[in-house]
Number of protein chains: 2
Amino acid sequence: MQADSTPADRAPTDRTPIELGDVLHDLDRTGHLPLYHQIATRLREAIADGTLPTGSRLENEVALAERIGVSRPTMRRAIQDLVDRGLLVRRRGVGTQVVGARVHRHLELSSLHEDLTRSGHATTTQVLRHELVPASPAVASQLGIAPGAPVLYIRRLRLSDGVPLAVLENHLPPGLSDITPEQLEEQGLYAILRNRGVSMRVARQTIGARAATRDEAPLLGIAAGAPVLTMTRVVFDDSGASVETGSHCYVPDLYTFEITLVER
Amino acid sequence: MQADSTPADRAPTDRTPIELGDVLHDLDRTGHLPLYHQIATRLREAIADGTLPTGSRLENEVALAERIGVSRPTMRRAIQDLVDRGLLVRRRGVGTQVVGARVHRHLELSSLHEDLTRSGHATTTQVLRHELVPASPAVASQLGIAPGAPVLYIRRLRLSDGVPLAVLENHLPPGLSDITPEQLEEQGLYAILRNRGVSMRVARQTIGARAATRDEAPLLGIAAGAPVLTMTRVVFDDSGASVETGSHCYVPDLYTFEITLVER
DNA sequence: CTTGCCAATATGTAATAACAAATACACGGA
DNA sequence: TCCGTGTATTTGTTATTACATATTGGCAAG
């Protein structure tokens with residue numbers, strides 16, 4: 001059983017590029033939405049609905065740009081967007097290929113997270129705590145404020161169709177500490193922040209695992225000491241100021257994180 | 001204690017831009033390395049070593065480009081690179097600001113072995129199993145081969161300074177099944193793949209948590225049922241063919257995943 | 001028949017130009 | 001004094017052009 005040395009002995013990868021004239025017709029030129037964004041969205045949809053099957057090749061970018069009447073940089077930017085998302089792969093001198101709707105779907109099915117949010121499960125929120133507390137040194141450092149300054153501490157239980165999913169703990173800086181429990185029960189923290197004009201731009205997350213505390217276990221309907229998936233996060237806005245810190249723990253059977261990495 | 005409504009009442013954010021003439025001088029114009037890449041690297045270093053402190057402002061991109069003698073698109077591309085990494089934030093009509101000096105390891109296409117050796121720990125590897133097995137339906141689907149086809153199954157124990165860190169399970173497609181246990185003990189899977197000319201481009205990862213099995217627990221030096229952090233991964237090369245699948249579990253006290261998200 | 005080279009192809013890098021849109025600040029009027 | 005408006009500043013979007021470089025495959029010479 002001597003294996004040949006070429007890594008790929010499958011995927012004939014049809015050489016003839018897919019026609020995309022019909023997918024990319026009729027762009028909105030009013031300038032309300034960037035052209036590259038419209039093109040990227042259409043391409044993403046074409047991959048999702050099978051118009052661009054896995055392994056198929058795109059026409060070369062110069063011809064594509066010409067065909068739909070945009071410049072090459074604009075076309076490149078749209079394609080690059082999909083490359084960054086891991087949907088396309090490009091090789092100099094070769095061309096651009098679709099890399100995988102099949103596996104993507106498979107992984108998504110194994111994650112209840114996507115299922116829950118997308119397939120319309122009823123998610124509810126219970127606000128367990130909601131109070132002003134002096135910022136601990138750790139929280140103060142993350143929020144970029146002075147230790148001891150008053151911050152709003154929130155603790156919520158998130159349920160999906162009545163099943164406990166996660167315990168969410170957040171700290172909010174002084175400027176945002178007038179958010180009410182009622183708002184949080186119906187809207188979700190991020191919707192509230194966006195409605196207040198806060199533009200969140202950068203988030204730094206750390207994902208880990210630990211045992212559920214005696215405190216969390218009954219809330220989540222699991223045994224104390226059972227594993228939970230944890231995620232801590234600091235979110236920054238436009239001006240580089242931190243807007244929120246969160247420290248959440250999830251029931252691992254019901255929640256996973258999915259990430260696509262691309263080597264550039 | 002009425003909070004004012006502006007979200008940021010901290011971070012004076014000095015208005016005068018930082019001089020960068022000295023940081024960006026003397027670029028290599030021979031074309032061996034792209035200009036935008038050199039500029040991005042210099043800027044990243046300047047942020048890391050404090051030349052560009054958190055909250056400081058960059059000179060506007062037109063002036064910067066002029067000063068160092070590159071075009072605005074080139075300068076923009078370099079800056080955008082840092083924005084994508086979450087190190088800079090830009091706002092139209094305002095300017096570009098540094099958002100974080102803290103060195104944070106970006107989640108990238110690298111292996112655990114490389115991460116650890118880079119940070120100066122002595123990592124060792126024990127190959128627990130190494131055998132050809134018929135591909136299960138799940139593995140076959142991930143690797144894009146026929147179920148039952150022979151794949152190389154590897155199970156390794158990774159230690160850092162002698163302390164058990166993770167149990168790594170991998171499946172490799174037929175073209176790569178001639179990797180030896182000896183290679184794996186000294187090199188790490190990713191180094192071997194790269195040396196064989198495999199160019200890994202896209203990875204899809206799922207991160208979760210579960211209880212350690214009775215099998216894993218003694219290997220990792222933890223109790224059966226104790227929480228472990230899990231990561232499953234499928235890696236694709238630049239032709240869209242999958243190169244490797246892995247299913248790993250980590251001791252959560254010793255390993256976490258860090259991710260930076262950027263809203264574009 | 002094999003090997004090496006060359007040309008065609010496609011993406012990668014870079015410069016230049018012009019206009020659009022968001023923001024901030026200063027100025028002027030009520 | 002306060003508020004609104006206009007203007008300067010800065011990034012965002014798009015087009016055009018040119019050349020560089022990696023890859024593939026065919027062709028010719030040995």
Side-chain angles (χ1 to χ4, degrees), chain A residues 6 8 13 15-18 27-41 57-84 88-97 197 199 201 237-240 263-264, chain B residues 6 8 13-18 27-41 57-84 88-97 197 199 201 237-240 262-264:
Chain A
T6 65
T13 62
R15 311 300 315 279
T16 63
I18 302 278
L27 298 169
D28 174 22
R29 300 278 179 163
T30 61
H32 296 307
L33 222 55
L35 279 175
Y36 69 86
H37 190 272
Q38 296 178 51
I39 298 170
T41 302
R57 290 183 36 152
L58 263 63
E59 214 173 339
N60 78 70
E61 64 185 26
V62 178
L64 263 181
E66 232 167 52
R67 178 191 304 275
I68 68 175
V70 300
S71 69
R72 187 177 162 214
T74 301
M75 195 66 215
R76 265 185 80 75
R77 183 158 179 186
I79 293 177
Q80 190 59 45
D81 193 276
L82 299 211
V83 172
D84 291 343
L88 296 179
V89 165
R90 335 184 66 186
R91 285 159 74 200
R92 189 192 296 197
V94 180
T96 306
Q97 267 190 348
S199 60
R201 284 288 264 276
D237 71 2
D238 276 355
S239 68
E263 186 83 15
R264 278 199 284 193
Chain B
T6 65
T13 62
D14 194 4
R15 312 301 314 280
T16 63
I18 301 279
L27 298 169
D28 174 22
R29 300 276 179 164
T30 60
H32 296 308
L33 221 56
L35 278 175
Y36 71 86
H37 189 272
Q38 296 178 52
I39 298 170
T41 302
R57 288 183 36 153
L58 262 65
E59 213 173 340
N60 79 69
E61 63 185 28
V62 179
L64 263 181
E66 231 166 54
R67 178 192 303 277
I68 67 176
V70 301
S71 67
R72 176 150 90 115
T74 300
M75 195 66 216
R76 266 184 81 74
R77 182 159 179 185
I79 292 176
Q80 190 60 44
D81 192 276
L82 300 212
V83 172
D84 291 343
L88 296 178
V89 166
R90 335 185 65 185
R91 283 159 74 201
R92 187 191 299 198
V94 181
T96 306
Q97 269 189 349
S199 60
R201 284 290 264 277
D237 70 5
D238 49 17
S239 75
V262 178
E263 188 83 15
R264 276 200 283 190

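We name chains A, B, ... by the order of the sequence lines, and we start the count at 1 in each one.
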Want to settle it: does A:Gly93 or B:Arg91 sit nearer the 5' end of DNA chain D, counting the closest nucleotide to each?
B:Arg91

Contacts of A:Ser71 and B:Leu58 projected onto DNA chain D by closest heavy atom; the upstream (5') one is B:Leu58

Suppose we screen for salt bridge (Lys or Arg N to Asp or Glu O under 4.0 Å). Which residues come up paired with B:Arg77, at least two apart in sequence or across chains?
none

Under the salt bridge (Lys or Arg N to Asp or Glu O under 4.0 Å) rule, collect the residues that match up with A:Arg29, sequence neighbours excluded.
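Partners of A:Arg29 under the salt bridge (Lys or Arg N to Asp or Glu O under 4.0 Å) test: none.
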
Classify B:Arg76 by what it touches in the nucleic acid, base, sugar-phosphate, or nothing, heavy-atom distance under 4.0 Å.
base

Along DNA chain C (nearest heavy atom to each residue), the more 5'-positioned of A:His32 and A:Val62:
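First, find each residue's nearest nucleotide; the 5'-ward one identifies A:Val62.
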
Of A:Ile79 and A:Pro73, whose closest DNA chain C nucleotide lies nearer the 5' terminus?
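First, find each residue's nearest nucleotide; the 5'-ward one identifies A:Ile79.
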
Roughly how many Å is it from [atom1] in [X] to [atom2] in [N], rounded to a whole number?
{"X": "B:Glu66", "N": "C:dT16", "atom1": "CD", "atom2": "C1'", "value": "12 Å"}
{"X": "A:Ile68", "N": "D:dT14", "atom1": "CD1", "atom2": "P", "value": "11 Å"}
{"X": "B:Arg90", "N": "C:dT23", "atom1": "CZ", "atom2": "C1'", "value": "15 Å"}
{"X": "A:Glu61", "N": "C:dT13", "atom1": "CD", "atom2": "P", "value": "11 Å"}
{"X": "A:Leu35", "N": "D:dT16", "atom1": "CG", "atom2": "C1'", "value": "15 Å"}

Short side-chain N/O contact to [N] OP1/OP2 from [X], under 4.0 Å:
{"X": "B:Tyr36", "N": "C:dA14", "value": "no"}
{"X": "B:Thr96", "N": "D:dT11", "value": "yes"}
{"X": "B:Thr74", "N": "C:dA15", "value": "yes"}
{"X": "A:Arg77", "N": "D:dT14", "value": "no"}

Separation of [Y] [atom2] from [X] [atom1] (nearest 0.5 Å):
{"X": "B:Glu61", "Y": "B:Gln80", "atom1": "CD", "atom2": "CD", "result": "9.5 Å"}
{"X": "A:Ile39", "Y": "A:Leu64", "atom1": "CD1", "atom2": "CG", "result": "9.0 Å"}
{"X": "A:His37", "Y": "A:Asp81", "atom1": "NE2", "atom2": "CG", "result": "7.0 Å"}

Grab the N/O contacts between the protein and nucleotides 18-20 of chain D below 3.5 Å, and write none if there aren't any.
{"from": "D:dA18", "atom 1": "N6", "to": "A:Arg72", "atom 2": "NH1", "distance (Å)": "3.4"}

Does any non-hydrogen side-chain atom of A:Arg90 lie less than 4.5 Å from one of A:Arg76?
yes

Among the nucleotides D:dA15, C:dT23, D:dG12, which one has an atom lying closest to any side-chain atom of A:Arg29?
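For the A:Arg29 side chain, the nearest candidate turns out to be D:dA15.
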
Out of B:Leu88, B:Leu58, B:Thr41, B:Val89, which residue meets the side chain to side chain contact (heavy atoms under 4.5 Å, CB included) rule with B:Leu82?
B:Leu88

